[in-house]
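See structure below.
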Amino acid sequence: MGTALVYHEDMAMARLLWDDPECEIECPERLTTALERLRQRGLEQRCLRLEAREATEAELGLVHSPDYVAVVRGTQALDTTELRALSGQYDAVYFHPSTFHCARLAVGAVLQLVDAVLTGAAHNGLALVRPPGHHSQQAVANGFCVFNNVAIAAEHARRKYGLKRILIVDWDVHHGQGIQYIFEDDPGVLYFSWHRYEHGHFWPFLPESDAGMTGQGPGQGFTVNLPWNQVGMENADYVAAFLHVLLPLAFEFDPELVLISAGFDSAIGDPEGQMRATPECFHHLTQLLVPLAGGRVCTVLEGGYHLESLAESVCMTVRALLGDPALPLSGTMVPCWSALESIQRVRAAQAPHWTSLQLQDVAPMPRPRACSSEGRPPPTPGSPEYAGAAAAAAAEAAVALSSFLDRLRLHPQPPVRTAIVLTSTDDNLVLPPGVVQQERSAQGEEMEAWARPRVAMAQDVSLTVLGKVLTLVDGILDGQVSNGIAATPTSAAGDTLDMAIQRGLYLGAQRLLCLVVGQLDRPSDLADDGRILWLNIGSQKAEALSMFHISVPKLRATGSLLSCILGLVLPLAYGFKPDLVLVALGPSHGLEDTHAALLAAMLRGPSGGRILALVQESRPQLAEALARVLSGEAPPRLGPCSMTSLEDAQCLNHLRRQLAPRWKMLQVADSAAPPPSLGQSRLSRAQPEVHVRGGGTLATSSLCRPVMTRRRGNAGPEGPGAGGLRGHRETVVPRLRGSAGRVLPACQGAAELVDHLAVPSRRARGSAPGRL
Ligand code: X5A
Ligand code: ZN
């Protein structure tokens with residue numbers, strides 16, 4: 001078992017034999033560079049290697065007409081002139097004498113991957129293929145695509161394994177209209193695609209790529225289009241789209257298999273996409289999909305034309321499949337206005353079909369904004385404007401990729417994935433591979449200073465156990481261990497959490513997310529200074545005492561928990577960018593093991609895998625379930641779960657409404673945010689103002705700097721542990737960026753800082769909570 005990597009070197013044979021500026025980007029190096037980079041990073045070696053086979057004609061026939069297959073078969077014998085003439089009959093397609101062979105290998109590779117995953121030979125995997133597939137239709141080649149690799153794989157999975165529900169996630173920057181057409185009236189395949197759209201002015205220029213297209217007949221609600229109307233989408237925009245559109249629907253759909261049409265032309269530097277997602281974003285996107293379908297995720301290469309960006313993004317995707325902890329996301333976690341508008345439009349269009357959306361606040365479908373003067377039709381390949389934009393994207397990517405590589409070097413994989421502190425009673429626990437027992441315990445003065453006072457308070461906890469927890473926190477913040485679990489007696493839960501928080505701060509953690517489920521009191525001396533985000537699920541009522549102190553009542557249904565994770569916890573966590581996440585399952589937390597596992601699995605992203613889970617020793621099965629997901633396994637499938645408790649939904653909506661103005665990742669339909677004027681969105685780099693994404697404006701220099709020092713400054717006392725966060729501090733590079741309707745803070749995190757200054761007053765929040 002493990003991650004399968006399917007490939008065949010022959011797929012690098014097909015290439016363009018004449019001059020065609022539109023098609024030249026689809027070159028053999030796309031494949032060879034990606035594979036070579038996987039080798040260099042030692043990732044290929046960690047995968048189960050499968051050599052691709054050719055698909056049979058019967059398999060091609062699952063989607064394509066015999067006549068069309070015959071046409072493609074015929075290209076093997078054509079000369080260059082004939083190949084060129086045939087290619088001209090399609091939109092953005094070139095044939096080579098090897099195309100039929102390559103295209104059959106591409107389909108075959110994906111089928112092998114699906115077979116490996118559905119027979120249990122592999123957990124998940126990646127097929128590195130070309131030609132790509134998602135534009136190809138029943139009898140039409142289109143957009144470099146000859147056979148629809150992913151659509152054929154979905155049909156195959158249904159016929160051969162009887163699957164009833166398959167999710168296709170198409171994160172390629174182009175609309176996979178081929179997949180859409182094939183499944184548009186089919187409720188068995190949920191097709192999600194985001195794509196550069198620019199109000200219909202971007203290739204393939206189809207009105208049916210817009211959000212209003214939701215499927216036909218029985219397939220209504222099973223086509224989900226998220227059109228991006230501006231270029232420059234960033235990590236925050238992509239993650240917001242997953243949290244607020246794709247994932248609620250996907251969990252409600254409850255797929256048995258996830259196929260990813262993984263085009264990396266949605267990544268930074270790509271000449272086609274002109275977007276700005278950095279490579280680690282694809283790690284996060286993949287990781288967010290793993291909790292679906294019991295982790296049966298098959299990733300299939302589609303587009304991706306900037307070789308460096310493509311290679312790094314492929315590596316990140318494979319690392320996610322292997323269960324490695326992610327690099328924390330770079331960039332300001334504030335979605336831009338245009339992205340929010342698109343997200344709102346698709347939520348409104350899909351709401352009639354999905355309970356999970358109906359129970360959240362969904363604003364009505366906004367009228368599409370008239371195409372602005374700025375939205376001139378994008379340049380066509382081959383034009384000087386296109387070349388200029390491509391060069392600019394590449395220059396920007398060079399900077400971003402080199403800082404990405406620096407961060408990668410500074411965050412090496414910790415030697416230990418998961419360490420667990422057990423008390424003697426849990427001795428016969430079965431530990432999954434990759435999980436070690438924390439044996440070493442703090443000694444001497446450390447122990448006397450940190451653990452002894454707490455032992456005195458709680459009767460049942462031994463000094464050694466607390467000493468081990470102490471060592472575990474040190475190990476995580478020091479990069480020796482990715483994450484950990486500590487089982488302590490119930491009576492010691494509060495003190496253990498308090499000790500972990502204090503130790504984290506002491507070691508220099510600047511932001512700690514404490515997610516407390518069940519009844520555990522917040523340590524009384526904890527300052528509400530923005531370093532701790534305290535989130536309690538299972539308290540008496542829904543209230544936000546400040547933007548860093550939030551309580552959610554006990555949730556009654558599985559769907560409620562999911563809605564809470566996707567709609568509240570993860571947006572907050574991604575916006576907060578914690579150095580460490582502490583998950584404490586306190587007395588009467590009420591979570592089933594599978595729910596706790598899901599929560600822990602999904603919380604791995606925001607902190608780059610640094611999680612410490614505190615549980616009660618009386619539940620060894622829970623510790624085991626957590627150990628599995630924290631060491632990289634997929635959490636067990638939940639089963640279908642839409643929100644069933646109206647009361648829970650109202651609580652969550654209330655909190656989201658209250659917090660969204662300050663935590664921008666919560667925004668889904670912020671009617672309060674006006675579109676930035678065109679003048680603002682074109683602000684030059686030199687301008688002194690900072691426009692907070694979403695519309696607000698403030699002067700940079702006076703507000704930003706002092707707070708900056710306070711929040712970014714070293715939090716804990718200097719001491720033996722103060723260097724513990726080696727390489728973890730991010731350098732704050734002042735810069736102005738502008739695009740996608742946003743002009744970004746001159747210093748990273750400025751938007752958060754503004755928020756920080758605007759903690760709601762107690763009077764302001766006095767209105768609603770009493771009624772919940
Ligand atoms: C698979 C893929 C893009 C075709 C672009 C044509 N195709 N301008 O990314
Ligand atoms: Zn593409």
Side-chain angles (χ1 to χ4, degrees), residues 11 14 16 19-31 34 87-95 99 102-103 106-107 110 127-137 140-152 168-182 191-198 200-206 209 225-228 231 233 238 259-275 277 282 299-307 309-310 313-314 317 377-383 385-387 389-390 393:
M11 284 185 285
L16 181 64
D19 231 31
D20 180 346
E22 188 170 16
C23 291
E24 68 191 9
I25 55 178
E26 204 293 288
C27 61
E29 290 72 30
R30 299 179 54 235
L31 230 47
S87 303
Q89 294 182 17
Y90 301 104
D91 184 7
V93 169
Y94 70 88
F95 288 104
T99 291
C102 293
V107 175
V110 183
L128 273 184
V129 301
R130 57 186 286 274
H134 70 152
H135 298 302
S136 141
Q137 297 144 46
V140 182
N142 179 274
F144 317 151
C145 300
V146 177
F147 298 132
N148 202 313
N149 309 319
V150 164
I152 296 171
I168 300 178
V169 178
D170 188 340
W171 73 44
D172 185 283
V173 86
H174 300 96
H175 181 218
Q177 86 279 34
I179 301 181
Q180 174 170 305
Y181 298 155
I182 292 161
Y191 176 62
F192 169 89
S193 172
W194 65 34
H195 34 268
R196 181 173 173 187
Y197 186 61
E198 298 179 286
H201 293 291
F202 189 69
W203 191 92
F205 314 105
L206 301 168
S209 307
N225 283 331
L226 173 45
W228 301 123
V231 296
M233 296 302 159
Y238 284 1
L259 300 173
I260 306 180
S261 266
F264 296 97
D265 41 16
S266 46
I268 192 161
D270 194 276
E272 276 287 304
Q274 298 286 329
M275 299 300 181
F282 296 94
T299 313
V300 180
L301 182 65
E302 298 276 3
Y305 308 101
H306 183 286
L307 297 181
S309 184
L310 167 67
S313 302
V314 165
T317 304
T380 28
S383 68
E385 292 79 25
Y386 184 94

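We count ligands from 1, going down the list as the structure has it; atoms in each ligand are counted the same way.
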Taking all heavy atoms of [X] and all of [Y], pick out the closest pair and write down the distance.
{"X": "C27", "Y": "E24", "answer": "CB-O, 3.9 Å"}
{"X": "G263", "Y": "W171", "answer": "O-CD1, 3.0 Å"}
{"X": "H134", "Y": "C145", "answer": "N-SG, 3.5 Å"}

* Are the side chains of F264 and S309 in touch, meaning some heavy atoms are under 4.5 Å apart? ->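 F264 vs S309: side chains apart.
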* Asked: Does any non-hydrogen side-chain atom of P28 lie less than 4.5 Å from one of R130?
  ->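 R130 reaches P28 side chain to side chain.
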* To do: Decide, counting backbone as well as side-chain atoms, whether E272 has an N, O or S atom less than 2.8 Å from the Zn ion (ligand 2).
  =>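 No, since none of the N, O or S atoms of E272 sits under 2.8 Å from the Zn ion (ligand 2).
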* Taking heavy atoms and a distance under 4.0 Å, where does E272 meet ligand 1: side chain, backbone, both or neither? -> side chain
* A92 neighbourhood, listing ligand 1 atoms whose heavy-atom distance to it stays under 4.0 Å ->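 Ligand 1 atoms under the 4.0 Å threshold to A92: 6 (C).
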* Asked: For ligand 1, which atoms, with element, lie under 4.0 Å from some heavy atom of D172?
  -> 9 (O)
* Asked: Does even one non-hydrogen atom of H134 get within less than 4.0 Å of ligand 1?
  ->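 It does; at least one heavy atom falls under 4.0 Å.
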* **Shortest-distance N/O/S atom, H174 versus the Zn ion (ligand 2)** => ND1
* Looking at W228 versus F202, is the centre-to-centre ring distance below 6.0 Å? -> no
* To do: Using modelled atom types only, decide if a donor and an acceptor are shared between the side chain of N149 and the backbone of P131 within a distance under 3.5 Å.
  =>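 Present.
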* To do: Mind reading off the angle at the Zn ion (ligand 2) between the OD2 atom of D172 and the OD2 atom of D265, rounded to 10°?
  => 90°
* Of the choices F202, Y305, F264, which has the non-hydrogen atom that lies closest to atom 1 (C) of ligand 1? ->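 Residue with the shortest heavy-atom distance to the ligand atom: Y305.
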* Would you check whether E302 has a nitrogen or oxygen atom less than 3.5 angstrom from a nitrogen or oxygen atom of ligand 1? => no
* **Protein heavy atom at shortest distance from atom 8 (N) of ligand 1** => E22 OE2, 2.8 Å
